[in-house]
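Just so it is clear, the model here is predicted, and its values are computed rather than measured.
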Amino acid sequence: TLAVVRQARGEVGAALEARRSAAQAACEAGLKTQEAMLTINVGFALTTVGARAEARLAIDAGIALGQAVGSPGVVRHGQMILLCWAATFGAQEDVAEILAEPRSIADGAASGGWVPHDRATLGVLYYRGVELLRSSEHADVERARLLLKTAAGAYRSTKMLDLVPVALGVWAEAERRLGEPERAQELALEAVTLIEDGSPSLLNEAPIFLALHDAYVDMGRLRDAKDAIERAMPRLVLRVDGLRGTPYGREFLVNVGPNAGLVAAAEAYGLVPKSLKKVLDGS
C-alpha cells in the first residue's frame, strides 16, 4: 500500500496520514471489517512514532470493531499490533488477557514448535522477541534470541525484505546481551550493509545502529562505536524530517527506546545534528 511505501522511505508523517485517510474512507463507506483493520494500522503507525496513548486508543478501537463484526482475522492482526505496542512501550496488566494467545504461540515457537510463515504470525514472533528483550532475565533473552533468529530467517526466506534489516539488528542485540559481541557485530553489520545498499525498511532503523554501537563498545572498539552512531544520524534525521508538520517529532526521539539510545550516544560524542537538537528543544 501507499502507506507502507511511504513508511519504508522514511516519510513517516505521510504514512500516518495515508492510514488515517484510508480508515476514514472505510468508515464513511460502511465497510466495518476494513475500517477495523485500517484503524489498527493507524495504531501501528502511531506506535512507531512514539504516540503511546493515541496508539493504544486506535488499536483498542480496531480490535473492538473487529470483535463486533466477528472477524477473527482482524482481531488476530490487532493482537499482533498490540504486542508491537507492548514491545515498544512496556506491557500493562490490562493487555495480559488479549495477548495471552499470541504470546503463547510465540513461546511455543521458542520451545521448538512449528508456526506458519505468514506475516502476522512472524510479526508475533518478532514482537514477542522484542518484548522479551525488555527483560533482564537471562532465560527471557535466550528466548528472545531464538524468536528473533527465527523471524529474521523466515522474513528472508519468504521475501519480506522490508523487515529483514531491523530483524537482524534486534537479533544482534540479543546476541550481544548474551555475551556474543562478535556475532552481534556480524549481524548488525549485515543489516547496515543492506540499509546502505538501498534495502527498504518498514521499521525504524535505529535498533540496527544501536546494536552495532553497543557491540563495538563491548569489544573495546570505541572508534568504530562512534562511527556507528555517525552512520545512524542521517537515517534518524530522515525519519524525523518525515514527521515535520506533525506533533510527533519529539515523541519519536524520546518515547521510542532505540531512538532515545541513539540520541544519548550521539550527545556523548557531540554528534547530534542541529535539526534534531531543535526538535528535542521543542523549537
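Judged by distance alone, the side chain of Arg56 and the main-chain N or O of Trp85 form no donor-acceptor pair under 3.5 Å. Side-chain N or O atoms of Ser71 include none that pairs as donor or acceptor with a backbone N or O of Gln67 at under 3.5 Å. Remark: side-chain polar atoms of Ser104 are not paired, donor with acceptor, to backbone N or O of Ala100 under 3.5 angstrom. Arg177 places a side-chain N or O within donor-acceptor distance of the main-chain N or O of Leu133, the cut-off being under 3.5 Å. Distance alone, capped at 3.5 Å, places no donor-acceptor pair between the Ser199 side chain and the Ile195 backbone. The backbone N or O of Pro207 lies less than 3.5 Å from no partner atom in the side chain of Glu173, so there is not a single donor-acceptor pair. With hydrogens and angles ignored, the 3.5 Å screen pairs no side-chain donor or acceptor of Ser21 with any backbone N or O of Ala18. Checking side-chain atoms of Arg52 against main-chain N and O of Phe89 turns up a donor-acceptor pair under 3.5 Å.
Side-chain contact check for Tyr126 and Glu131: no donor-acceptor pair (N or O, by modelled atom type) lies under 3.5 Å. Counted by atom type alone, Arg76 and Thr121 present one or more donor-acceptor pairs between their side chains at under 3.5 Å. Looking only at atom types and distance, the side chain of His213 has no donor-acceptor partner in the side chain of Asp224 under 3.5 Å away.
Counting only heavy atoms from C-beta outward, the side chains of Leu243 and Thr246 approach each other to under 4.5 Å. Between Leu253 and Leu236 there is a side-chain heavy-atom pair separated by less than 4.5 Å. Contact annotation: the side chain of Ile63 approaches that of Ile98 to within less than 4.5 Å [non-hydrogen atoms, C-beta and beyond]. Side-chain contact between Arg20 and Leu46 is present, with at least one heavy-atom pair separated by less than 4.5 Å. When side chains are defined from C-beta on, Val130 does not count as touching Thr88, because their heavy atoms never get closer than 4.5 Å. Tyr155 has its side chain out of reach of His117: every pair of non-hydrogen atoms, C-beta onward, lies at least 4.5 Å apart. Side-chain contact between Ile59 and Thr47 is present, with heavy atoms from C-beta onward closer than 4.5 Å. Looking at Ile105 and Val115, their side chains come closer than 4.5 Å, going by heavy atoms from C-beta outward.
The two residues Ala22 and Leu38 make their nearest non-hydrogen contact at O-CD1, 3.4 Å. Shown here for Leu16 and Ala45, the closest heavy-atom pair between the two residues is CD1-CB, 3.7 Å. What you find for Leu122 and Ala151 is that their closest heavy atoms are O-CB, 4.3 Å. Taking each heavy atom of Val192 and Arg231 in turn, the nearest pair found is CG1-NH2, 3.2 Å. Residues Gly50 and Glu251 share a closest heavy-atom pair of O-CB, 3.9 Å. Residues Ala87 and Arg134 come closest through the heavy atom pair O-NH1, 3.3 Å.
Salt-bridge annotation for Arg128 and Glu101: absent, with no side-chain N of the basic residue lying under 4.0 Å from a carboxylate O of the acidic one. Between Asp162 and Arg119 there is a salt bridge, with a side-chain nitrogen of the basic residue lying less than 4.0 Å from a carboxylate oxygen of the acidic one. By the 4.0 Å N-to-carboxylate-O rule, Glu182 lies too far from Arg221 to be salt-bridged with it. A salt bridge is defined here as a Lys NZ or Arg NE, NH1 or NH2 lying under 4.0 Å from an Asp or Glu carboxylate O, and Asp140 with Arg143 meets this definition.
Taking CD1 from Ile208 and CD from Glu190, the interatomic distance works out to 10.5 Å, rounded to the nearest 0.5 Å. Of the inter-residue distances, the one linking Glu28 atom CD with Glu35 atom CD reads 9.5 Å to the nearest 0.5 angstrom.
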With side chain to side chain contact (heavy atoms under 4.5 Å, CB included) as the test, would you mind laying out the steps for Val254 and Leu280 before giving the verdict? CA-CA 8 Å; Val254 173; Leu280 288 164; 4.1 Å; yes
Is there a side chain to side chain contact (heavy atoms under 4.5 Å, CB included) between Asp281 and Arg250 once you walk through the steps? CA-CA 8 Å; Asp281 292 341; Arg250 191 172 189 281; over 6 Å; no
Run the numbers on Lys226 and Ile229 for side chain to side chain contact (heavy atoms under 4.5 Å, CB included), then give the verdict. CA-CA 5 Å; Lys226 180 179 179 181; Ile229 298 302; 5.8 Å; no
Is there a side-chain hydrogen bond (donor to acceptor under 3.5 Å, both in side chains) between Tyr248 and Glu54 once you walk through the steps? CA-CA 11 Å; Tyr248 304 116; Glu54 282 186 76; 3.0 Å; yes
Determine, stepwise, if the pair Arg156 / Leu168 fulfils side chain to side chain contact (heavy atoms under 4.5 Å, CB included). CA-CA 10 Å; Arg156 197 195 300 272; Leu168 288 172; 3.7 Å; yes
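Atom CD of Glu97 has 12 or fewer heavy atoms from other residues, nucleotides or ligands within 6.0 Å.
Note that Arg176 lies outside the cation-pi zone of Trp171, set by a 6.0 Å cut-off to the ring centre and a 45° limit from the axis.
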